[in-house]
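Since the model is a prediction, treat every value here as computed from it, not as a measurement.
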Amino acid sequence: MRKLLSILTITLLFSCHNQAQTNPKQQAIIDAEPVVVPLKDGKARAYFASGCFWCVEAVYESVKGVEESISGYAGGHTENPTYEASNTGKTGHAEAVEIIYDPKVISFSELVDVYFGSQNPTQVNGQGPDHGSQYRSIIFYQNDEQKKIIEDKKAALAKELDATIAAEVYPFQKFWVGEDYHQNYERLHPNQGYIRNVSVPRLNKFKSKFPELLKDDAKH
């Protein structure tokens, strides 16, 4: 009986965590035409999900050419998602970041390199200690050129690692800015336990791999 209960518990958890990907409304998001975000003041925008947005925001803000990294939610089928709602796994959204960058300094292709180089690319539905569909890895494209860049790099990485790459590839639809208290969290809360034990080690690991992509003030 105890074994049966354990199996049922695991099944329920798996079902909950994957509800976002199996919902018909979610499939409509995956099949939609991408939305193109126009340049503003010469700056472009790109969107990535890769586990906790505190970690991803800090990684991208260390990269030259990136003006700002904003934490929020993307990839789901519900309106006005919140942190609490997305954590249920029922909204379809993943914690994501909006990257505002200068395409004259860094390319979308290089931002994808940063993406794959700053995570465990084979971990499904999460990164590190964070698990669930709200922490799944997604790369969003806005046109066919970006989609090809993503798919080519994903295929090359799969061949290099001889493994399945977990990142999903979605057409960009909308980015919902997260709550104020999530913004710049790593910088504003350097002594918080999760930041010290998860975010900072992840950031430092990335920095050691890609020193040529770092802003001068991020090299120390």
Side-chain angles (χ1 to χ4, degrees), residues 17-40 43-61 63 66-101 108 111-112 114-116 118-119 121 123-127 130-147 149-151 153-154 165-186 199:
H17 285 168
N18 286 276
Q19 185 174 3
Q21 292 102 314
T22 58
N23 188 310
K25 293 181 181 179
Q26 191 68 23
Q27 190 60 49
I29 298 297
I30 296 170
D31 295 337
E33 288 296 313
V35 172
V36 177
V37 181
L39 292 178
K40 184 177 181 181
K43 303 300 189 298
R45 285 163 168 74
Y47 302 87
F48 303 95
S50 175
C52 175
F53 46 25
W54 296 346
C55 300
V56 189
E57 180 188 68
V59 166
Y60 276 103
E61 287 195 340
V63 175
V66 172
E67 182 177 279
E68 191 172 0
S69 179
I70 301 168
S71 291
Y73 313 97
H77 57 272
T78 60
E79 299 287 310
N80 300 307
T82 63
Y83 181 68
E84 290 74 16
S86 71
N87 269 339
T88 67
K90 296 179 180 179
T91 72
H93 291 286
E95 291 192 8
V97 292
E98 177 181 53
I99 307 304
I100 302 173
Y101 67 101
F108 178 80
L111 292 176
V112 176
V114 171
Y115 177 82
F116 283 124
S118 60
Q119 63 169 277
Q123 184 173 344
V124 178
N125 269 3
Q127 282 295 304
D130 300 307
H131 303 276
S133 63
Q134 70 271 29
Y135 295 116
R136 70 194 189 278
S137 292
I138 311 174
I139 312 180
F140 298 89
Y141 64 89
Q142 298 175 41
N143 52 50
D144 289 341
E145 180 184 359
Q146 289 186 352
K147 185 178 183 181
I149 288 171
I150 295 165
E151 291 181 338
K153 288 182 180 293
K154 182 177 175 180
I165 304 305
E168 300 175 45
V169 182
Y170 271 38
F172 176 70
Q173 296 296 292
K174 186 174 178 63
F175 177 77
W176 302 88
V177 176
E179 295 82 351
D180 287 346
Y181 68 89
H182 286 303
Q183 309 305 327
N184 299 306
Y185 199 90
E186 185 266 346
S199 295

Please assess Phe116 against Ile165 for the test side-chain contact (heavy atoms from CB on, under 4.5 Å), listing each intermediate value before the final yes or no. CA-CA 10 Å; Phe116 283 124; Ile165 304 305; 3.8 Å; yes
Residues Glu79, Trp176; criterion side-chain contact (heavy atoms from CB on, under 4.5 Å); working and verdict: CA-CA 9 Å; Glu79 299 287 310; Trp176 302 88; 3.3 Å; yes
Show your working on side-chain contact (heavy atoms from CB on, under 4.5 Å) between Gln127 and Cys52 and close with a plain yes or no. CA-CA 7 Å; Gln127 282 295 304; Cys52 175; over 6 Å; no
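Judged purely by atom type and a 3.5 angstrom limit, Gln183 uses its side chain to pair as donor or acceptor with the backbone of Gly178. Without hydrogens or angle criteria, Gln142 side chain to Arg45 main chain gives a donor-acceptor distance under 3.5 Å. Between the side chain of Gln26 and the backbone N or O of Gly75, at least one donor-acceptor pair lies under 3.5 Å.
Residue Glu57 holds its CD atom at 8.0 Å from CD1 of Ile99, rounded to the nearest 0.5 Å. Taking CD from Gln27 and NE2 from His77, the interatomic distance works out to 12.5 Å, rounded to the nearest 0.5 Å. The distance from atom OH of Tyr101 to atom OG of Ser69, rounded to the nearest 0.5 Å, is 13.0 Å. Rounded to the nearest 0.5 Å, atoms OG1 (Thr82) and OH (Tyr73) are 6.5 Å apart. Taken to the nearest 0.5 Å, the SG atom of Cys55 stands 13.0 Å off from the OH atom of Tyr60. In this structure, CG in Asn87 is found 9.5 Å from CG in Asp130, a value given to the nearest 0.5 Å.
Relative orientation of the Trp54 and His182 rings is tilted, given thresholds of 30° and 60° on the angle between their planes.
In this structure, Phe48 and Val114 have side chains that are not in contact, with every pair of non-hydrogen atoms separated by 4.5 Å or more. Counting heavy atoms from C-beta outward, Val37 and Phe175 have side chains that stay 4.5 Å or more apart. Under the 4.5 Å side-chain criterion, counting only non-hydrogen atoms from C-beta, Gln119 is not in contact with Val59.
With Tyr47 as the fixed residue, the ring pair (Phe, Tyr, Trp, His ring centres under 6.0 Å) test singles out one of Tyr115, Tyr141, Phe172: Phe172. Residue Lys43 forms a salt bridge (Lys or Arg N to Asp or Glu O under 4.0 Å) with just one option from Glu68, Glu98, Glu67, and that option is Glu67.
Nearest heavy-atom pair across Ser86 and Gln134 is O-CB, 3.3 Å. When all heavy atoms of Glu186 and Ser199 are compared, the closest pair comes out as CG-CB, 4.4 Å. For the residue pair Asn125 and Ser133, the shortest heavy atom distance occurs at OD1-CA, 3.9 Å. Nearest approach of Glu95 to Tyr83, heavy atoms of both residues: OE2-CE1, 3.2 Å. Here the closest non-hydrogen pair linking Ala94 and Ala49 is CB-CB, 3.9 Å.
Every residue meeting the side-chain contact (heavy atoms from CB on, under 4.5 Å) condition with Ile149, not counting sequence neighbours, appears here in chain and number order: Phe108, Ser109, Val112, Glu145, Lys153.
A salt bridge (charged side-chain N to carboxylate O under 4.0 Å, His left out) check over residues 26-38, counting only residues at least two apart or in different chains, returns nothing.
Checking Tyr170 against Glu168 by side-chain atom types alone, a donor-acceptor pair falls below 3.5 Å.
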